[in-house]
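One structure below.
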Amino acid sequence: MLNQGFRIFSILKSIILKIKELISQLEEICPPNYQESYDNCGLIAGDKEKEITGVLLCLDSTEEVLKEAVKLKCNMIIAHHPILFFPIKKLTGKTYYERTLIYAIKNDLAIYAMHTNLDNIRMGVNNKIAEKIGIKNLSILEPKEGLLRKLVTFCPTNKAEAVRTALFEAGAGKIGDYDECSFNAEGVGTFRAGENSNPHVGTKHKRHHEKEERIETLYPIHIENRVINALIKAHPYEEVAYDIYPLHLSHPQVGAGMVGELEKPLSEMDFLQLLKKNMKAPGIRYTPLRGKKVKKVAICGGAGSFLLPNAISAGADMFVTGDYKYHQFFDADGKIVIADIGHYESEQFTPEIVYSLLKEKFTTFAARISKTNTNPVNYL
Ligand SMILES: [Zn+2]
């Protein structure tokens, strides 16, 4: 996924970009349909037709961050948390998010949010935490369902390879580290061309038998239009026969949380110390230690308590997350150690993910990480 995105980024490297063009590249890597149903990812404010003068990356697009963007001549802010989360009926500046929005509009700033869609991709928020604390061999803790579909089409045998190639080039046929995956079987198709038709083979008004291949492949929903357009373009028939099936499979590369392993097991206290240092956590709240070495670690940036059952059934020794409530800590129940490092602390390195993409691939505008600390929580 990421590599494909990088390739497209490279092509656009030297071209002045409009906001909408950058968004469409970002959404190749981090599609909006990977977000959770309650979320509000995407362009929250701004004119997508404007050219980008600079991009400021942050966790929270507060008014202070927007002021920093103006100073730096950045007219686009890419935030992790959407500043608008619930519908609003008035825009009077009564709340901090209304004031932020008013400031954005007055100063012609665009605010774009990559939230749970960035949590849910393989190279997203949890991968960044894993990188910081040295967790390897990662897999998704709760793979997301309903993101994949199967395409079945029928094509004359002599054109089947061209159709397969077109489908693969459009992004179909990827399973884990494999691509160009399909199943193909030969058979005979029939059709009778009507009066106004222009058949590729056969004669009008006569039933025609044609040696065809049935091609099956799968694709993620967000590229469906591209895949179907590629099919229709490459297929020789005037009327292309194809079926689309929803798949009740989970996507192994997309979903909430991650689990992986430390290279060398650590004592629980040594691991907590490492966590505190590398995640710059002023304090860690943790459940009773079990006297076991820590090897397997589950991770969920932000508020991750919903993933505790997954972390336990994955056999994790420690669950690193944020935003735990008092009663929820009891659920560790001697089966795991929960380590709450704080919501902000767990996600503070998230802007680095988008930064490395933009910095490497674009030279026509500046990409910077905000220096404003937006953490609303203080520690004594
Ligand atoms: Zn968060």
Side-chain angles (χ1 to χ4, degrees), residues 26 29-44 56-66 77-86 95-97 100-101 111-133 135 138 140-142 144 254-259 275-276 278-285 297-308 310-311 319-325 328-329 338-355 369-379:
L26 290 172
I29 296 161
C30 200
N33 76 319
Y34 286 0
Q35 70 183 301
E36 298 302 328
S37 55
Y38 56 80
D39 208 355
N40 189 33
C41 298
L43 188 63
I44 287 173
L56 189 62
L57 307 161
C58 61
L59 198 58
D60 305 285
S61 51
T62 58
E63 205 174 342
E64 291 70 32
V65 172
L66 267 56
I77 291 102
I78 302 180
H80 183 49
H81 297 131
I83 187 78
L84 276 191
F85 210 68
F86 303 104
T95 63
Y96 77 94
Y97 48 87
T100 305
L101 216 61
I111 304 176
Y112 182 80
M114 297 165 85
H115 188 213
T116 50
N117 52 345
L118 190 59
D119 288 328
N120 285 341
I121 61 167
R122 173 67 185 77
M123 301 305 281
V125 175
N126 300 309
N127 185 69
K128 181 51 81 178
I129 299 171
E131 194 184 294
K132 296 284 177 188
I133 60 175
I135 309 294
L138 291 156
I140 302 281
L141 205 48
E142 188 182 61
K144 211 167 164 56
V254 181
M258 283 189 130
V259 62
L275 200 53
K276 186 171 162 61
N278 292 14
M279 295 305 293
K280 296 184 182 167
I284 297 180
R285 300 186 302 152
V297 178
I299 301 165
C300 182
S305 60
F306 69 102
L307 280 178
L308 183 69
N310 304 65
F319 181 34
V320 178
T321 185
D323 254 352
Y324 247 82
K325 291 182 183 166
Q328 293 173 330
F329 279 109
I338 298 166
D340 180 340
I341 60 172
H343 192 126
Y344 176 88
E345 288 73 15
S346 71
E347 293 179 333
Q348 64 189 306
F349 303 114
T350 298
E352 289 178 13
I353 305 166
V354 189
Y355 178 80
I369 293 178
S370 166
K371 291 196 166 67
T372 309
N373 182 341
T374 57
N375 192 357
V377 180
N378 290 291
Y379 297 87

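Predicted, not measured: the structure shown is a model, and the values here were computed from it. For ligands, and for the atoms within them, numbers begin at 1 and follow the listed sequence.
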**Prompt:** Under 2.8 Å from the Zn ion (ligand 1), which protein atoms of type N, O or S occur, listed by chain and number?
**Reply:** H81 NE2, H343 NE2, E347 OE1, E347 OE2
**Expected output: side-chain H80 to main-chain D60 donor-acceptor under 3.5 Å** =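 It does not hold such a pair.
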**Prompt:** Got a donor-acceptor contact below 3.5 angstrom from the R285 side chain to the Y324 backbone?
**Reply:** yes
**Request:** Sequence neighbours left out, what passes side-chain contact (heavy atoms from CB on, under 4.5 Å) with N310? Give chain and number order.
**Result:**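 Checked N310 against side-chain contact (heavy atoms from CB on, under 4.5 Å); matches are L141, E142, L307.
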**Message:** For T372, give me all partners under side-chain contact (heavy atoms from CB on, under 4.5 Å), at least two apart in sequence or on another chain.
**Reply:**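 Only E64, V65, E68, S370, T374 meet the side-chain contact (heavy atoms from CB on, under 4.5 Å) criterion with T372.
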**Request:** Determine the interplanar angle of the H115 and H81 rings, folded into 0 to 90°, and report it as parallel if under 30°, tilted if 30 to 60°, perpendicular if over 60°.
**Result:** perpendicular
**Request:** Under the side-chain hydrogen bond (donor to acceptor under 3.5 Å, both in side chains) rule, collect the residues that match up with E36, sequence neighbours excluded.
**Result:** N120, K144
